[in-house]
Amino acid sequence: MNNHKIGVCVVGAGRAGMIHARNFARGTPDAQLVAMVDPVEDFARKACQELELPTYYLDYREALEDQKIDAVVVVAPTVYHKDIVVAAAQAGKHILCEKPMAMTVAECEEMIKAVEANRVKLQIGFMRRFDKSFIYTKERIAAGEIGTWCW
Ligand SMILES: NC(=O)c1ccc[n+]([C@@H]2O[C@H](COP(=O)([O-])OP(=O)(O)OC[C@H]3O[C@@H](n4cnc5c(N)ncnc54)[C@H](O)[C@@H]3O)[C@@H](O)[C@H]2O)c1
């Protein structure tokens, strides 16, 4: 049996980044949070202190060289998503990227191309797709009971 835990690095130690970091640090049995990234050293250091982590990086490109990291969670401001996701894919890391995916459709296409070329997984944090009330509403629209189905 493979006991390897997925080594996770959260890129961006802000509001949403700390939600992911706490979840990975405390509540995800098959994954282990191994590092944080934030260019604001105070944020990175405080996150590591709270989560009892030994490692932080100020530049995501350094984190991508860390062999303990199998996957990254991209929670930096949206304007940086494309560059971070493409670099992570090129480094062979799997990726969970927060929504919105990127700034333009062209950037999204570049990200998809990079993950396909490097055979890594990319998931976008559209958590509402798993929200019971949203699923129920989508079903009601699809059934023609409310609104207009337009896609
Ligand atoms: N799924 C959701 O519902 C949801 C909710 C909140 C935020 N988000 C998304 O998460 C992302 C972050 O939002 P937030 O509210 O946490 O923002 P935030 O401003 O609280 O945090 C962003 C953090 O990223 C850091 N940062 C800046 N440049 C960076 C870089 N190049 N590399 C690494 N870190 C960098 C900043 O120093 C800051 O600590 C945004 O894309 C936002 O849209 C999604």
Side-chain angles (χ1 to χ4, degrees), residues 5-118 120-142 147 150-151:
K5 286 193 174 192
I6 298 164
V8 173
C9 173
V10 172
V11 181
R15 192 173 60 97
M18 287 307 293
I19 294 171
H20 282 288
R22 290 180 187 118
N23 286 338
F24 277 109
R26 294 171 191 155
T28 313
D30 295 331
Q32 183 177 8
L33 184 65
V34 294
M36 297 291 298
V37 176
D38 203 293
V40 181
E41 186 160 15
D42 203 33
F43 292 169
R45 192 185 329 103
K46 280 184 178 147
C48 285
Q49 277 167 357
E50 178 192 321
L51 302 164
E52 298 178 355
L53 277 184
T55 309
Y56 67 77
Y57 297 97
L58 303 181
D59 187 325
Y60 68 87
R61 287 164 288 209
E62 287 174 40
L64 296 178
E65 292 174 11
D66 185 334
Q67 296 304 309
K68 293 190 296 300
I69 295 169
D70 302 301
V72 294
V73 185
V74 180
V75 211
T78 308
V79 69
Y80 302 120
H81 288 188
K82 187 267 289 176
D83 285 349
I84 298 171
V85 167
V86 169
Q90 288 170 346
K93 313 292 186 190
H94 300 289
I95 305 147
L96 169 59
C97 177
E98 262 302 344
K99 73 170 174 70
M101 184 171 173
M103 302 298 286
T104 64
V105 172
E107 284 190 354
C108 297
E109 285 169 349
E110 195 177 331
M111 293 155 80
I112 292 166
K113 216 170 147 184
V115 300
E116 286 177 350
N118 291 284
V120 294
K121 294 183 191 303
L122 168 64
Q123 183 175 25
I124 305 299
F126 280 113
M127 77 294 187
R128 292 292 180 208
R129 287 192 176 151
F130 304 96
D131 185 314
K132 281 183 186 164
S133 61
F134 277 64
I135 292 168
Y136 178 79
T137 305
K138 183 172 181 254
E139 286 169 357
R140 300 283 66 76
I141 295 169
C150 59
W151 74 85

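Each ligand, and each atom within it, is numbered from 1 in the order the structure gives. Computed from heavy atoms alone, side chains included, the values below leave out hydrogens, waters and symmetry copies. Not measured: the values here are computed from a predicted model.
Asp38 OD1, 2.7 Å is the protein heavy atom nearest to atom 37 (O) of ligand 1. In terms of protein heavy atoms, atom 41 (O) of ligand 1 is closest to Thr78 OG1, 2.8 Å. Nearest protein heavy-atom neighbour of atom 21 (O) of ligand 1: Gly14 CA, 3.2 Å. Regarding atom 11 (C) of ligand 1, its nearest protein heavy-atom neighbour is Ala76 O, 3.4 Å. Closest to atom 42 (C) of ligand 1 among all protein heavy atoms lies Lys99 O, 3.6 Å. Looking only at protein heavy atoms, the nearest one to atom 6 (C) of ligand 1 is Arg15 NH2, 3.3 Å. Nearest non-hydrogen protein atom to atom 3 (O) of ligand 1 is Met127 CE, 3.1 Å. Of the protein's heavy atoms, Pro39 CD, 3.3 Å lies nearest to atom 34 (N) of ligand 1.
Those atoms of ligand 1 with a heavy atom of His81 less than 4.0 angstrom away are 41 (O). Within the listing of ligand 1, atoms 37 (O) sit less than 4.0 angstrom from a heavy atom of Val40. Heavy-atom proximity to Val11, at under 4.0 Å, picks out these atoms of ligand 1: 32 (N), 33 (C). Residue Pro100 approaches ligand 1 through these ligand atoms, each under 4.0 Å from one of its heavy atoms: 43 (O). Atoms of ligand 1 found under 4.0 Å from any heavy atom of Gly125 (numbered from 1 in listed order, with element): 1 (N). Atoms of ligand 1 lying under 4.0 Å from at least one heavy atom of Pro77, given by number and element, are 22 (C), 24 (O), 26 (N), 27 (C), 28 (N). Atoms of ligand 1 lying under 4.0 Å from any heavy atom of Glu98, numbered from 1 in the order shown and given with element: 1 (N), 2 (C), 4 (C), 9 (C), 10 (O), 44 (C).
Within 6.0 Å of OH on Tyr60 lie more than 12 heavy atoms contributed by other residues, nucleotides or ligands. Around the CD atom of Glu52, the shell of radius 6.0 Å holds no more than 12 heavy atoms that belong to other residues, nucleotides or ligands.
Ligand 1 has a nitrogen or oxygen under 3.5 angstrom from a nitrogen or oxygen of Ala16.
Cation-pi geometry between Arg140 and Tyr136 is met: the NZ or CZ atom falls under 6.0 Å from the ring centre, inside 45° of the normal.
For atom 17 (O) of ligand 1, the nearest protein heavy atom is 4.0 Å or more away.
Contact check on Arg26 versus Glu50 returns a salt bridge, with a Lys/Arg side-chain nitrogen under 4.0 Å from an Asp/Glu carboxylate oxygen.
A pairwise comparison of heavy atoms in Ile6 and Ala71 identifies CG2-CB, 4.1 Å as the closest pair.
Partner Met101 forms a side-chain contact (heavy atoms from CB on, under 4.5 Å) with one of Met111, Glu107, His81, Lys82 and no other, that one being Met111.
Across the listed options Phe43, Tyr57, Tyr60, Tyr80, Tyr80 owns the non-hydrogen atom lying nearest to atom 28 (N) of ligand 1.
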Residues 29-41, side-chain donor-acceptor partners within the protein, below 3.5 Å, at least two apart:
from: Asp38; atom 1: OD1; to: Val40; atom 2: N; distance (Å): 3.0
from: Asp38; atom 1: OD2; to: Ala13; atom 2: N; distance (Å): 2.7
from: Glu41; atom 1: OE2; to: Tyr56; atom 2: OH; distance (Å): 2.6

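Met18 does not count as a contact of ligand 1, since none of its heavy atoms falls under 4.0 Å from the ligand.
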